[in-house]
Amino acid sequence: MTTPTINAEQTINSTPYFSGTTDDSSDFQSESNKLQINLTPNQITLNPHSIQFDPIAQFQKGAIKYRTAATNAPHAVVSVEGSQRKTGNKYLFVKQAYPLQDNKRDILGANLFYKINNSIQSINNKVLVEEADGDMPLTSVIWNKKDGLLLKVNSNQIEPGQYSTKLNWTIENSI
């Protein structure tokens, strides 16, 4: 059987059969059980959700700001979808593209960091967020309120405004 190009999940139903000629030159055909083949494109799609933090007030230097409820458990920060056929470990990383800044490019006196199991890492370099071993699929990223990406206030004098940055989410697959 020849399959088409697989660019979406699809199912093929088929009934295999065997045909041939016997020793006495008689034709024969034998039908097998029905066969269902589920095809997957081996694609992983990441759907990062917008992350917002609790508001910062003046004179909060050293305060940790947590994500709002929309990106805390049971809600995913990054939804992982798709079919993953390849074996080998899969790793999901995050890295901050540039500092938190407003539309005038003024930089916020606070920084994002990644916290998991009391380990804290800067996300100025790529940080491992999720890992799947062997045949296990990569799963959506769900953090409790006090884990994952958090915001630390570094200044008592914060200019009011809306600050944002870009997060780069990447997947690496080992063979």
Side-chain angles (χ1 to χ4, degrees), residues 6-9 40-175:
I6 303 168
N7 54 17
E9 289 192 21
T40 59
N42 196 35
Q43 295 174 340
I44 300 174
T45 303
L46 297 179
N47 295 310
H49 302 278
S50 179
I51 300 172
Q52 295 186 4
F53 292 88
D54 293 333
I56 300 172
Q58 295 294 342
F59 307 109
Q60 288 191 319
K61 183 176 181 179
I64 302 298
K65 295 296 178 173
Y66 299 100
R67 293 176 315 280
T68 56
T71 51
N72 288 329
H75 308 288
V77 175
V78 178
S79 298
V80 178
E81 298 171 359
S83 306
Q84 303 166 43
R85 287 191 317 247
K86 289 186 179 176
T87 58
N89 296 353
K90 294 164 266 317
Y91 307 95
L92 175 62
F93 294 93
V94 67
K95 181 181 183 216
Q96 185 173 349
Y98 49 84
L100 286 157
Q101 58 190 18
D102 63 12
N103 58 3
K104 297 180 289 186
R105 297 195 187 262
D106 291 334
I107 295 176
L108 179 65
N111 66 290
L112 289 171
F113 64 94
Y114 178 71
K115 179 183 174 224
I116 199 78
N117 299 327
N118 293 322
S119 171
I120 296 173
Q121 296 177 318
S122 166
I123 62 168
N124 292 328
N125 297 309
K126 74 179 185 178
V127 172
L128 179 64
V129 172
E130 193 76 27
E131 179 178 355
D133 295 333
D135 294 334
M136 297 302 295
L138 203 57
T139 60
S140 295
V141 177
I142 299 173
W143 293 319
N144 292 318
K145 180 179 180 176
K146 294 185 178 183
D147 286 323
L149 290 181
L150 303 175
L151 182 69
K152 182 177 182 186
V153 180
N154 297 326
S155 173
N156 276 327
Q157 301 300 317
I158 301 291
E159 288 296 320
Q162 296 285 330
Y163 293 83
S164 63
T165 188
K166 178 182 176 185
L167 299 176
N168 294 320
W169 298 91
T170 56
I171 296 174
E172 292 181 13
N173 192 332
S174 68
I175 297 175

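One-based numbering along the sequence shown.
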From CD1 (I56) to NZ (K152), nearest 0.5 Å: 13.0 Å

Neighbour count above 12 (heavy atom, 6.0 Å) for D133 CG: yes

Side chain to side chain donor-acceptor pair (under 3.5 Å) against Q101, all qualifying residues, sequence neighbours excluded: none

Over all atoms of both residues, closest heavy-atom pair of Y66 and L150: CD2-CD2, 3.6 Å

Point-to-point distance, once rounded to the nearest 0.5 Å, from CD1 of I142 to OG1 of T71: 11.5 Å

Salt-bridge present (K104, E159; N to O < 4.0 Å): no

Closest non-hydrogen atom pair between L108 and Y163, with its separation: CB-CD2, 3.5 Å

Lys/Arg cation over aromatic F53: K65, 6.0 Å, 45° cone: no

Any side-chain heavy-atom pair of T68 and D54 under 4.5 Å: yes

Check against side chain to side chain contact (heavy atoms under 4.5 Å, CB included), K95 and W169: CA-CA 7 Å; K95 181 181 183 216; W169 298 91; over 6 Å; no

Donor-acceptor pair, side chain of S122 and main chain of F113, under 3.5 angstrom: no

T165 side chain reached by L100 side chain, heavy atoms, under 4.5 Å: yes

Interatomic spacing from CG in L138 to CG in L46 - rounded to 0.5 Å: 7.5 Å

Test side chain to side chain contact (heavy atoms under 4.5 Å, CB included) applied to D147 and I116, step by step: CA-CA 5 Å; D147 286 323; I116 199 78; 4.0 Å; yes

Distance (rounded to the nearest 0.5 Å) between I64 CD1 and L151 CG: 8.0 Å

Donor-acceptor contact below 3.5 Å, side chain K90 vs main chain E130: no

Contacts of type ring-ring contact (aromatic ring centres under 6.0 Å, His included), residue W143, not counting sequence neighbours: Y114

Which atom of S140 lies closest to which atom of A76, heavy atoms considered: CB-CB, 4.2 Å

A97 versus N168, closest heavy-atom pair with distance: CB-ND2, 3.7 Å

Atom of N89, atom of N173 and distance for their closest heavy-atom approach: O-OD1, 3.3 Å

R67 side chain vs I51 backbone, donor-acceptor pair below 3.5 Å: no

Polar side-chain atom of Q58 near backbone of I158 as donor-acceptor pair, under 3.5 Å: yes

Sole candidate of V127, V77, L167 that passes side-chain contact (heavy atoms from CB on, under 4.5 Å) when paired with L149: L167

Qualifying residues under side chain to side chain donor-acceptor pair (under 3.5 Å), relative to S79, sequence neighbours excluded: H49

From CD (Q96) to CG (N125), nearest 0.5 Å: 11.0 Å

Separation between CD of Q162 and CD of Q52, rounded to the nearest 0.5 Å: 7.5 Å

